[in-house]
Amino acid sequence: MAFSLYFFLSLAVLIYIGSAAALVADINKSGVALSAASSSENSTELTSAPAAKPAAAAAGWTVLGCYTDSVSARSLPYAASVSGGPTAMTNELCQATCLAAGYKLAGTEYSDECYCGNALQNSGAPAPDGNALCDMTCDGNKAETCGGPNRLTMYTYSTGGSTPTTSTAGTSPTGTGNPLPGWTFLGCYTDSTSARTLPVAGSVSGGMTNEGCQTACLAAGYSIAGTEYAGECCEFLFPITMRTSLITIGCGNSFGNGGGPASDGSTECNMACSGNAAETCGGPNRLDVYQHGSGGSSPTTYTLKATFDHTNFFSQMTFFTGGDPTGGFVDYLTQAQAQSAGLINTNNNQVYMGVDYTTLNPSAGRASVRVSSNAAWTHGLFIADIAHMPGGICGTWPAFWLLGPNWPNNGEIDIIEGVNLLNTDSITLHTAAGCSINTSGSQSGSVLDYTDCNTSNANEGCGVTTTNTQGYGAGFNAIGGGVYATQWTSSAIAVWFFPRNAIPSDITSGNPNPSGWGTPTVKFNGGSGCNIDSFFANNQIVFDTTFCGAWAGIQSVWDAGNCGNLASSCNAYVAANPSAFQGAYWTINSVKVYQ
């Protein structure tokens with residue numbers, strides 16, 4: 001349970017000053033973040049003087065001039081977050097970002113926005129007034145212009161200055177399609193951007209082919225694969241490596257939302273695959289569908305291996321009583337001590353784990369508990385139904401995590417973690433040297449700080465900051481909590497959060513099927529950068545609440561927000577204000593482990 005001091009200090013300052021825009025802009029410099037195009041433009045924003053000129057295009061790029069755009073109907077379909085955030089925006093940086101994501105059109109707008117695509121849409125065209133309204137200086141280089149209100153400074157890559165056209169039709173699949181060994185072509189199926197037939201995205205390197213799609217879906221544990229033309233609205237948050245054209249893929253183990261064979265046969269599955277123009281990869285609202293193996297499309301089956309709830313929780317846990325490895329101002333009690341002090345109970349068919357909130361100036365630190373499951377697992381689906389957590393209180397550092405032996409050689413997966421008044425969850429992996437991950441396929445807004453999970457000798461690891469204020473602390477408690485679900489496979493570690501009123505029915509029924517849960521909050525992908533099975537094994541479930549220490553107690557972190565106004569140091573506040581921690585408790589309905 002370690003942390004990135006630089007990242008979290010920056011985050012704390014951002015949260016405490018309420019600068020949500022700055023937080024979103026803090027994009028990891030090792031990757032590219034794309035989302036469906038949107039804009040912050042409004043009538044109150046001001047334009048800059050038209051003194052600057054568009055920069056000379058980067059190598060391979062050609063400037064096309066000033067093009068029209070609209071906040072309600074984008075000329076380029078994907079908004080890109082560049083390294084360094086909006087304040088670093090230049091035309092060259094936008095071009096590099098779009099090219100890295102597989103796009104050949106790049107346009108800057110309103111000083112700090114970057115849009116990408118492979119074809120113009122929504123009647124986007126050269127502006128009738130020329131460059132008159134492309135007059136706003138780039139935030140990252142005031143000597144350049146980056147578009148203007150509803151205007152794009154447009155560039156194209158390796159096209160001789162002409163705008164790329166839309167994808168052309170390829171060869172319609174035959175009755176056999178393009179299946180790999182073990183796969184069967186099912187034909188052209190219906191789909192909808194608002195109700196997907198296949199719910200999960202796969203990851204493909206290079207240009208798209210049906211074979212690549214099948215390989216990606218099978219590697220992710222899915223038996224159904226489909227390729228499709230994404231068009232204007234990509235409902236999945238596809239991994240960057242997939243966005244090499246306007247062709248996308250979906251994976252699943254069953255068909256949803258009424259999807260099935262198209263009534264017009266293969267007529268609308270007519271778009272050429274970007275990686276092989278001799279194949280088709282679906283079409284608008286059409287999937288070329290393949291199935292692996294024989295038989296039907298039954299969901300992945302998980303078997304319940306363990307349940308921890310009010311009937312057995314403490315009997316299946318070991319109480320840690322040593323010194324806090326993170327240097328916290330805490331005194332971890334034995335089970336008997338915690339029971340006697342009222343720090344644990346199973347009242348109301350729930351598991352309660354709290355902290356001491358009556359003792360003034362405890363010499364050994366404030367009393368708390370840290371428990372680890374007696375059992376350990378390699379791979380699995382870990383579903384924690386939690387009604388209340390200790391977060392959002394100055395001085396606290398609660399966590400729910402998975403931990404392997406001989407740290408960090410067998411890995412650590414921090415599922416819930418935060419300090420002081422932070423109001424969003426931090427999800428982090430810690431490993432031995434040699435594990436470099438990416439978070440392609442995660443929800444928009446989940447920001448990766450480092451790709452190296454051994455950063456700072458694993459003390460910082462590779463962490464992701466989330467944006468859902470219902471997922472941590474006061475916001476979580478206000479809605480009665482919810483469910484955190486963690487899927488650990490050989491290829492990836494993914495975490496979903498479901499608020500209390502949005503828990504999938506397959507979870508509540510005891511038949512969890514992650515293929516229907518949509519985009520995870522965060523997905524740590526292994527692959528060539530990290531062999532998951534080499535770095536994660538035999539992990540135990542851990543809950544704890546510590547105080548101050550090597551994150552919450554760092555003076556600069558403590559001073560960064562309102563907590564610093566309460567006392568000169570974290571330890572001083574925790575010691576002198578016991579009543580502040582009456583709400584620092586876990587209430588757990590259950591933790592279930594499936595494999």
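Just so it is clear, the values below take in all heavy atoms, side chains as well, and ignore hydrogens, waters and symmetry mates. None of the values given here were measured: they were computed from a predicted structure.
Residues Asp533 and Ser490 share a closest heavy-atom pair of OD2-OG, 2.7 Å. The heavy-atom pair separating Ala80 from Thr97 by the smallest distance is CB-CG2, 3.8 Å. The shortest non-hydrogen separation linking Leu152 to Ser75 is CD1-CB, 4.0 Å. Asn513 and Asp506 make their closest contact through N-OD2, 2.7 Å (heavy atoms, listed as atom of the first residue, atom of the second, distance). Nearest heavy atoms, Thr431 versus Phe535: CB-CD2, 4.0 Å. Across every non-hydrogen atom of Gly60 and Tyr157, the tightest pair is O-CD1, 3.3 Å.
Counting heavy atoms from C-beta outward, Leu429 and Ile493 have side chains that approach closer than 4.5 Å. Counting heavy atoms from C-beta on, the side chains of Leu381 and Pro514 come closer than 4.5 Å. Annotation: side chain of Trp488 is in contact with side chain of His379 (closest heavy-atom distance under 4.5 Å).
Here Thr156 contributes atom OG1 and Met154 contributes atom CE; the two are 9.0 Å apart, rounded to the nearest 0.5 Å. In this structure, Thr307 OG1 and Ile383 CD1 are separated by 10.0 Å, a value rounded to the nearest 0.5 Å. Taken to the nearest 0.5 Å, the CD1 atom of Ile532 stands 8.5 Å off from the CD1 atom of Ile437. To the nearest 0.5 Å, atoms CZ (Arg74) and CG (Leu120) are separated by 13.5 Å. Distance CZ/Arg286 to OG1/Thr190: 6.5 Å, rounded to 0.5 Å. Rounding to the nearest 0.5 angstrom, the gap separating the OH atom in Tyr484 from the CD1 atom in Ile386 is 8.0 Å.
Between Cys114 and Cys94, the SG-SG separation falls below 2.5 Å. Under the 2.5 Å SG-SG cutoff, Cys530 and Cys435 qualify as a close cysteine pair. Distance check for Cys269 and Cys188: the SG atoms are under the 2.5 Å cut-off.
Between Thr108 and Asn91, the side chains place a donor N or O and an acceptor N or O closer than 3.5 Å (distance only, hydrogens not considered). A donor and an acceptor atom, one from each side chain of Trp401 and Glu412, are nowhere located under 3.5 Å apart. When only modelled atom types and interatomic distance are considered, Asp288 and Thr280 share a side-chain donor-acceptor pair under 3.5 Å. Checked by atom type, the side-chain pair Ser590/Asp385 shows no donor-acceptor distance below 3.5 Å.
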Pair Leu403-Asn539, side-chain contact (heavy atoms from CB on, under 4.5 Å): steps then yes or no: CA-CA 5 Å; Leu403 177 66; Asn539 277 211; 5.5 Å; no

CA sep, side-chain torsions, deciding dist, call: Asp449, Thr465, side-chain contact (heavy atoms from CB on, under 4.5 Å): CA-CA 8 Å; Asp449 55 354; Thr465 300; over 6 Å; no

side-chain contact (heavy atoms from CB on, under 4.5 Å) between Leu402 and Phe382, intermediate numbers included: CA-CA 10 Å; Leu402 305 179; Phe382 302 81; 4.0 Å; yes

Trace of the side-chain contact (heavy atoms from CB on, under 4.5 Å) decision for Leu76 with Tyr67: CA-CA 10 Å; Leu76 294 177; Tyr67 274 56; over 6 Å; no

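Aromatic ring pairs are classed by plane angle as parallel below 30°, tilted from 30° to 60° and perpendicular above 60°; the pair His430 and Trp407 is tilted. The aromatic rings of Phe308 and Trp377 sit perpendicular, their planes meeting at an angle over 60°, well past the 30° parallel limit.
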